[in-house]
Amino acid sequence: MIFAEPRFATAILDERDLAGLADANDELDRIVARLLSRRPDIKLLFLVGSCPSEVIKLDLARAASRLSKIHAPSTRVLNYSGSGIETTFTQGEDACLASLVPELPAQHLSSAKSLLVVGSLADVVEDQFRRIFDQLGIPVHFLPPRRAEDLPPIGQNTYFLLAQPFLGETAKALEERGAKLLPSMMPLGAEGTTEWLRAAAIAWKIPDDRFYGVVAPLEERARAAVKRREPTVSRKSIFFFPDSQLEPALARFVSRELSMRPIEVGSPYLHRQHTAIDIGRLPQDVVLSEGQDVERQIDRCRKADPDIVVCGLGLANPFEAEGLTTKWSIEFLFTPIQGYEQAGDLAELFARPLVRRARLEV
Amino acid sequence: MQLTLWTYEGPPHVGAMRVATAMKGVHFVIHAPQGDTYADLLFTMIERNSARPPVTYTTFQARDLGGDTANLFKTAARDAYERFKPDILLVGASCTAELLQDDPGGLASALDLPVLVVPLELPAYQKKENWGAAETFYRLVRACARPKATPTDKHPDEAKRSSSCNILGPTALGFRHRDDVTEIRKLIESLGVKVNCVAPLGATRDDLARLSEADFNVVLYPEVAETAARWLQRTFGQPMLRMPPIGVGATRQFIEELARLANITPNAIRAAENCRLPWYSQSVDSNYLTGKRVFVFGDATHAIAAARICHRELGFSVVGLGTYSREFAREVRDVAAEFGLEALITDDYLEVETAIQELHPELVLGSQMERHIAKRFGIASAVISAPMHVQDFPARYSPQMGFEGANVLFDSWVHPLMMGLEEHLLTMFRDDFEFNDASTPSHLGHASPTSKPAPRKNEESHAGTQSPLAWEADAENELKKIPFFVRGKARRNTERYAAERGVATVTRETLYDAKAYYAR
């Protein structure tokens, strides 16, 4: 069992804060000072608004700029809303990255065109992408960077690729600073990864033969890895509950590379522009649903009786107990799934629950 | 505001969910944003429940805030009633919705639904999870319990009639509640006393209605059941057996008290007492348990029981006792005083961490949070209380209460420690490759040998105020001859001894002076 202190702490509001007996800003200053004295290794601290702090309209932006001054230069303090009133958990990543954008240093006007890959990726995936872009001759930075002090530069000559489909606010903030979005498929599966890389290759006017010279062997290896799982999952029906916002891209991958049959693809929120290419490749008869009406969706799911259900942790065990096979959607965020070398792992995530159910004799 | 890395208890609506989920035919409509729906997975993932908790969230959004959130609540309550057709509809608000002041109780009663509606007031900024569970259970009992039907004519064998009791307190997501109920029900029935109802776990509205038919109430978990049991005592004159039977001594007392309330003689069960803890504790290998320094922290019920068991039944020394259950602070303080200690009453994980660090215990009995602290400091530990981990819902039968519970406690608290003979083997063969300094207890082979206590720099502040002591090479070598698992303590004691006497350099003599001084 792994047990580590979380990378977040909570400043709990109590009655004194609500009754105005304690000054919320003084309290916040005190708590941040205590946290930083305990963890002097913290270089970047985010103040994250929660549901109650949003309802009582605690001004965390002002608090963050005040605290930044107090704790400069050792620690920078930023803020964003992570409240569950409006947002699903992946939108927290969006809000967090968006809050970093104003901090990015400005690129020189004269500097050459550079690529920014936006969205948190596992280190191993980032290294793979970096090697590919190096081979293609495309200078690349990543947001978020691995270390808080290595923020990538940004400006008119920055082109960016989204590595996650849920980064609407971040994309908007980047565009406001002059960066240009390269619309693409999400880098999931062999096809998705090639299409994603190709969006950058086109912007850099890299000839097709050179591009495919670099990626074709990688794509082939990825397709072979995915193919090994296909017999297990092929023609199986799949039903997505809204959870991570990765659902459209995942559905595209399972239908086109694993021959699965998506029945319904639910997503908590669909960013039409950023998911357009993935959605465009879905089979015509797929039901797309946005937002949460969980009871009715459960009714539809039971009626459809899919071979596998992708859903959140609150629903998974109850569905399993009903005899449905499930896959936790959270694993698509915790597991490195992007890029060629992870395409087989991604396929395996869909195959494993089916293999397990077939294997168990209890 | 309070800084925390983890919290011991959730907000009160989670306590209400624990009661609703435990019962049958109850549905809870909670005015809450989407973000609060995570609470479902406490039940489906940590406890591995095979059904969703019977809870509907209104999931209002930011754009609803200026508008008609009350209407959202009414729609959700009406839909939930139509879909689930419960016997009881609980209604309340989460922390965020409390700020909206929509009055879910009033809204629900305005709907005039053909169902018993029980409104809950759950002040999220004052109270916590266990209070929420106690309040919810109390409200449900008040709303459902009916006076005992007046007996038309007394049964001729009234005197021979076996007495009966209710078992109150077990909930969903409780620490070993499932197995405790099985164990205690068996114990009570073996004494010839009937169990009228168990509640909230598995209880229906009808069960609550006939609570008054029992002769007395067994309050298994005072954190949850005491408020309701006091009301039952006032209203129906049912006495309360408030003696959680955790440990051999407490179980014996429980039986005596139960026998008194049920008017029976407890001798039979005492004769058949089938518990291995007393003999295991008396057997020679357990000598090494004597005086082991133990730190205890948890909910009040489990912390108090653990401290007494450690002291009386295992021969440990309790060096720290505390609870996060503020409602039961006085009780814990009184018990701590029995051990000459001042109780630590806090829900601040960092305060508990500091206390453990200062007390240098050899064993920590606590919740998951204390298990984490202990792991960080390299101290043996066992979990005795919520909050807990999925591993604290074991597949095997593993009660904490009754005589079988005492057996479980012996095993789970003693096994993390180095065994008696093992200590000697380590000293004798410490140059052997298998018994080197980094060895962990042989039965804990998976433990990483590198996980030594590594306190961070800023945490050594109390030691850092003095100039660092120099150790002569001879003294260092002598220190290395001491078994590694007590070496840290020997070093600290020696340094403390030296510092108090203004000794600048620790010699071999200082080491033995300190050893003699601190000899217990």
Side-chain angles (χ1 to χ4, degrees), chain A residues 1 3-6 8-19 22 24 26-28 30-32 34-35 37-41 50-56 81-89 268 291-296 298-299 312-322 328 330, chain B residues 1-7 11 32-45 47-53 56-57 59-65 79-80 83-84 94-100 123-127 347 349-350 368 371-373 375-376 389-391 456-459:
Chain A
M1 182 173 58
F3 228 4
E5 189 167 292
F8 57 88
T10 311
I12 297 180
L13 291 164
D14 58 32
E15 215 183 6
R16 292 177 62 243
D17 301 301
L18 296 183
D26 292 349
E27 291 285 288
L28 208 53
R30 178 176 64 78
I31 276 173
V32 167
R34 184 171 175 207
L35 180 69
S37 72
R38 181 184 152 79
R39 298 285 300 269
D41 52 320
S50 67
C51 319
S53 74
E54 192 162 302
V55 172
I56 65 169
S81 166
S83 111
I85 297 186
E86 190 80 271
T87 48
T88 187
F89 63 98
Q292 309 251 356
D293 188 340
V294 72
E295 300 295 349
R296 278 183 217 163
I298 288 171
D299 291 346
L313 296 172
L315 293 174
N317 266 338
F319 276 143
E320 290 281 348
E322 286 180 23
W328 306 346
I330 193 92
Chain B
M1 270 181 223
Q2 191 197 331
L3 176 68
T4 182
L5 299 164
W6 280 301
T7 55
Q34 182 67 44
D36 283 331
T37 62
Y38 76 91
D40 279 3
L41 68 90
L42 299 173
F43 298 90
T44 63
M45 295 307 293
E47 196 173 13
R48 298 183 213 250
N49 280 358
S50 58
R52 293 165 64 209
T56 296
Y57 306 85
T59 65
F60 58 82
Q61 300 190 319
R63 65 166 178 269
D64 303 318
L65 287 182
D79 288 355
R83 180 174 285 268
F84 298 103
S94 78
C95 357
T96 308
E98 186 188 334
L99 300 169
L100 306 179
Y125 301 93
Q126 298 166 28
K127 302 290 189 185
D347 51 9
Y349 160 82
L350 299 176
Q368 275 303 327
R371 168 138 97 190
H372 174 63
I373 296 169
K375 183 192 159 195
R376 229 160 61 71
H389 189 266
V390 64
Q391 288 188 345
R456 285 186 293 269
K457 278 181 203 144
N458 61 316
E459 287 172 344

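Every residue two or more places apart in sequence or in another chain that forms a side-chain contact (heavy atoms from CB on, under 4.5 Å) with A/Leu18 is listed here: A/Ile56, B/Leu99, B/Tyr125. For B/Pro11, the side-chain contact (heavy atoms from CB on, under 4.5 Å) partners two or more places apart in sequence, or in a different chain, are B/His13, B/Val14, B/Cys95.
Of the inter-residue distances, the one linking A/Glu322 atom CD with B/Ser50 atom OG reads 9.5 Å to the nearest 0.5 angstrom. To the nearest 0.5 Å, atoms CG (A/Asn317) and CG (B/Asn49) are separated by 8.5 Å. In this structure, CG in B/Leu41 is found 10.0 Å from CG in A/Leu315, a value given to the nearest 0.5 Å.
Summarising the geometry of B/Asp40 relative to A/Gly314, their closest heavy-atom pair is CB-CA, 4.3 Å, with the distance given to 0.1 Å.
Without hydrogens or angle criteria, A/Arg30 side chain to B/Met1 main chain gives a donor-acceptor distance under 3.5 Å. In this structure, the side chain of B/Thr44 does not engage the main chain of A/Ala316 through any donor-acceptor pair within 3.5 Å.
Side-chain contact between A/Glu320 and B/Arg48 is absent, with no heavy-atom pair separated by less than 4.5 Å. Taking 4.5 Å as the limit, some side-chain heavy atom of A/Glu295 sits within range of a side-chain heavy atom of B/Phe84.
Contact of B/Tyr57 with chain A is not made at all, since no heavy-atom distance falls under 4.5 Å. For B/Thr7, the part lying near chain A is the side chain, with the backbone staying farther off; criterion is any non-hydrogen pair under 4.5 Å. Of the atoms belonging to A/Asp14, heavy atoms from both backbone and side chain fall under 4.5 Å from chain B. For B/Arg52, the parts lying near chain A are the backbone and the side chain together; criterion is any non-hydrogen pair under 4.5 Å.
Using a cutoff of 4.0 Å between basic side-chain nitrogens and carboxylate oxygens, A/Asp299 and B/Arg83 are scored as salt-bridged.
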